Every structure is written in structure tokens, then in C-alpha cells.
Amino acid sequence: MTDFYSNFSSFEKDGQTAQQYFYKQIYEAFKENTQNNTLPFFNKDLNKIPRELTTGKVINNENSIALEQIASRYGYKSNLWIYGNELNKLQKEVGSLSYKKGTVPALCITKYFGATHLNEQDLYISESGTGNKEQYLYNLDSLTDRSREKVLKYFEMANNVDKSYTEANYKAFQSNIKLNKQGDNKTFEDIKKKVIEASNQNGLNLTVITNCHYFHNLTNSIGMPELAEEKTAKHKELCYQTSKEFCNKSNNVGAYKAGLMLCTALNAGTEFQRISVAKGYNLENAKRIEEMKVAETNRTRPYQRGGGGWSY
């Protein structure tokens, strides 16, 4: 049977820490996507928020940045991901699984865990799989056709949560628009300011990249991915131009630091998207809604593994 990489220690690291590897993989994927005109912000196939297959939970924060950049780099059309450890366990029940030649798993990490859990909408990587804070995930499309069929059949209802999730986000988003029209909203204005500040990296204003990332995530999260092209089309050329300038300037700082700077800018867009679909701009509400939708879907699943510009 195939040995799917699980924890960071199980992969050749060349002396790197997990954090160094994490940001390096993001920058290298971003750089290649920039060169090949395959940035995920303009990828019509990646029309859903990244989700972990066995738990049904949304993968957000910097991990979602890593997964989408890697998905676009390798031409994956799915945004469903699964722990390497879960694939290893699953083989004992459904038979041998395998991945396509040249597959490199994506490392995801949990930076924060504890009291702030209810204030976050993220899947904590340590919630399932091996329980480690640094684990590898495989895109569903990285598996061979036969293996993918086995996995989808086994978790055939895991994707059902997306419909109710996007419906709830859309209602909250519309409610927030009405709230803004009633007057200035301090929370909304504060995060806009944070986005602008975070977008200045390596002597460049990366706002256009953050903007495209934001609209890509927003339209996917409310179930209207077709709007992404409308919102980002006029910025596409400038986005690639700025991305190339950033990559050129980053040659002197190294892939790790460049990935860290890039994530600082993009994650501000992720935060803006999350709060945009949180009713009343309250992320605690968004977390509870997401958990409720996942729970509803899990109750009907045949199998469940335990453990686990800125204007509207």
C-alpha cells in the first residue's frame, strides 16, 4: 500500500523548520503561477472554499492560501483536501490507494489553538488526522482516478455541507450590506484599514493582489463564483504585473521570507472575506453557523471518522 505522508517529520525537510517549509511552498507555487498565468484568483475551477474531506470543515486562514496556490500550480480542479494519515487508514478498509506521479502534498499548520477557538472560522489542522499541528494534505485530484472514486464513494456526503454553508453566508452578506448603508460601521472600516496596511510588502503595494484574492474568496463563500470574473477582470493584468514585480524583488530575500510577506498581504484579504460574511461582522457568529452546518451534514452521513477597491 502507498505510504501517504502524514506529519512534517515524515517528509524530507533539508533542515528546514515546518514554518520555513510552509511559507516556501506558498511562494514557490505563487511564483510558478505568476509565470504560467495560473493564479487561483482567476481559476474558474476553484469555485469553492477549500474544505477537508473527512471532517467536512472549511480550511481557512493561511492554510487556504497554501492550498489554492498549490492546486493552481498542479492544475487541480478540486478544492477538497484530505489528510495523508486519513488516506493511510482508509486503505485498510477500501483497499490500496495511490496518487499521481509527481504529486507533492501540501503542508498545513495550526499556529494558534486554545481559548480563541470560537473566534475563528478555521479548521484547526490538529483536530483530526494524526492530531499533529503540522500535517500534509492531498488534493482529491492528486489521487489516481480509481483511488479518487473509492474516496468519494466512502465520503460521498461530505460535500453536501457547501450548499447550506454558502446560503448562510449569502444571507449574512446581504444583511451586512444593509448595515453599511445605515451608516459607517467601525468594525468594517477598521479591517479595511488593516487590509491596506498589510498589503504594503517588500517596497510594493500589493493591494491589487489582495483585492483579487478577496473577491475570489468572497464569491466562492456566498455561492456565486461567477461574480469573481466580473469583479477581478479589470484588475487581472495589473495583478499579474504586480505579482511579477514582487517575485523579481523577492529574489534577494529568499522563498521563506517572500512567502511570509505574501501571506501577510493575502491573509488580510482572507480576514476581510470572513468578516464580510459574518452576520453583524461578528466572527463568533460565523464560527457557530459553520459548525452547525457541518453537524447537520454529519448526522446524515453513512460513515464518519472520529477525531476530528473595497466596496460591495
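Just so you know, residue 1 is the first one in the sequence shown, and it goes up from there. Values reported hereafter were calculated over all heavy atoms of this structure, with side chains retained and with hydrogens, waters and symmetry mates removed. The shown structure was predicted, so the numbers you read here are calculated from the model rather than taken from an experiment.
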Tell me whether [X] contacts the main-chain N or O of [Y] through its side chain, where contact means a donor paired with an acceptor under 3.5 Å.
{"X": "Asn205", "Y": "Asn200", "result": "no"}
{"X": "Gln91", "Y": "Leu97", "result": "yes"}
{"X": "Asn202", "Y": "Leu204", "result": "no"}
{"X": "Asp141", "Y": "Ser78", "result": "yes"}

Can you name the residues that form a salt bridge (charged side-chain N to carboxylate O under 4.0 Å, His left out) with [X], not counting sequence neighbours?
{"X": "Glu167", "result": "none"}
{"X": "Asp3", "result": "none"}
{"X": "Glu229", "result": "Lys44"}
{"X": "Lys234", "result": "none"}

Side-chain donor-acceptor pair present, [X], [Y], cut-off under 3.5 Å:
{"X": "Asn33", "Y": "Thr38", "result": "yes"}
{"X": "Tyr256", "Y": "Gln16", "result": "no"}
{"X": "Asn85", "Y": "Gln135", "result": "no"}
{"X": "Thr55", "Y": "Ser128", "result": "no"}
{"X": "Thr210", "Y": "Thr207", "result": "no"}

Check for me, please, whether Met1 and Ile82 land in the same ILVMFWY cluster - side-chain distances under 4.5 Å, paths through other members count.
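No; Ile82 is not reachable from Met1 via cluster members.
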
Hey, quick one: are Tyr83 and Val94 part of the same hydrophobic cluster, counting side-chain heavy atoms closer than 4.5 Å, chains of contacts allowed?
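They do share one cluster, since a chain of ILVMFWY contacts under 4.5 Å joins Tyr83 to Val94.
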
Measure the [atom1]-[atom2] distance between [X] and [Y] for me, rounded to the nearest 0.5 Å.
{"X": "Leu206", "Y": "Asn211", "atom1": "CG", "atom2": "CG", "value": "12.0 Å"}
{"X": "Leu143", "Y": "Lys150", "atom1": "CG", "atom2": "NZ", "value": "11.0 Å"}
{"X": "Ser221", "Y": "Lys48", "atom1": "OG", "atom2": "NZ", "value": "13.5 Å"}

For Leu46 and Glu68, which heavy atoms make the closest approach, and how far apart are they?
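Distance-wise, the nearest heavy atoms are CD1-O, 3.9 Å.
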
Closest non-hydrogen atom pair, Gly269 against Tyr214:
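Looks like O-CD1, 3.6 Å.
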
Apply the test ring pair (Phe, Tyr, Trp, His ring centres under 6.0 Å) to residues Phe4 and Tyr99: give CA-CA distance (whole Å), side-chain angles for both, the deciding distance (0.1 Å), then the verdict.
CA-CA 9 Å; Phe4 290 90; Tyr99 51 78; 5.6 Å; yes

Met224 and Leu218: CA distance, side-chain angles, deciding distance, side-chain contact (heavy atoms from CB on, under 4.5 Å) verdict
CA-CA 8 Å; Met224 302 180 71; Leu218 174 65; over 6 Å; no

Is the closest basic N to carboxylate O distance between Arg73 and Glu32 below 4.0 Å?
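Judged by the 4.0 Å cut-off on N to carboxylate O distance, Arg73 and Glu32 do form a salt bridge.
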
Is it true that Arg274 and Glu271 make a salt bridge, defined as a side-chain N closer than 4.0 Å to a carboxylate O?
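Answer for the salt bridge query: yes.
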
Answer yes or no: does atom [atom1] of [X] have more than 12 heavy-atom neighbours from other residues, nucleotides or ligands under 6.0 Å?
{"X": "Glu226", "atom1": "CD", "result": "yes"}
{"X": "Lys257", "atom1": "NZ", "result": "no"}
{"X": "Tyr74", "atom1": "OH", "result": "yes"}
{"X": "Lys100", "atom1": "NZ", "result": "yes"}

Tell me which pairs pass salt bridge (Lys or Arg N to Asp or Glu O under 4.0 Å) where either residue lies in residues 258-270, with sequence neighbours left out.
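Residue pairs with at least one partner in residues 258-270: there are none.
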
All side-chain contact (heavy atoms from CB on, under 4.5 Å) counterparts of Thr219, not counting sequence neighbours
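Only Leu227, Ala228 meet the side-chain contact (heavy atoms from CB on, under 4.5 Å) criterion with Thr219.
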
side-chain contact (heavy atoms from CB on, under 4.5 Å) against Lys244, all qualifying residues, sequence neighbours excluded
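For Lys244, the residues satisfying side-chain contact (heavy atoms from CB on, under 4.5 Å) (neighbours in sequence not counted) are Thr34.
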
Output all residues satisfying side chain to side chain donor-acceptor pair (under 3.5 Å) with [X], sequence neighbours left out; order by chain, then residue number.
{"X": "Gln20", "result": "Thr17"}
{"X": "Asn139", "result": "none"}
{"X": "Gln35", "result": "none"}

Between Glu28 and Lys31, does the salt bridge (charged side-chain N to carboxylate O under 4.0 Å, His left out) criterion hold? Intermediate values first, please.
CA-CA 5 Å; Glu28 289 177 344; Lys31 184 176 182 179; over 6 Å; no

Among all residues two or more places apart in sequence or in another chain, which pass the ring pair (Phe, Tyr, Trp, His ring centres under 6.0 Å) test with Tyr240?
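Per chain and number, Tyr240 pairs via ring pair (Phe, Tyr, Trp, His ring centres under 6.0 Å) with Phe42.
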
Mind checking ring pair (Phe, Tyr, Trp, His ring centres under 6.0 Å) for His213 and listing every partner two or more places apart, or none if nothing turns up?
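So His213 forms a ring pair (Phe, Tyr, Trp, His ring centres under 6.0 Å) with Phe41.
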
Once the angle between the rings of Tyr5 and Tyr136 is folded into 0 to 90°, is it parallel (under 30°), tilted (30 to 60°) or perpendicular (over 60°)?
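Judged by the thresholds at 30° and 60°, the geometry between Tyr5 and Tyr136 is tilted.
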
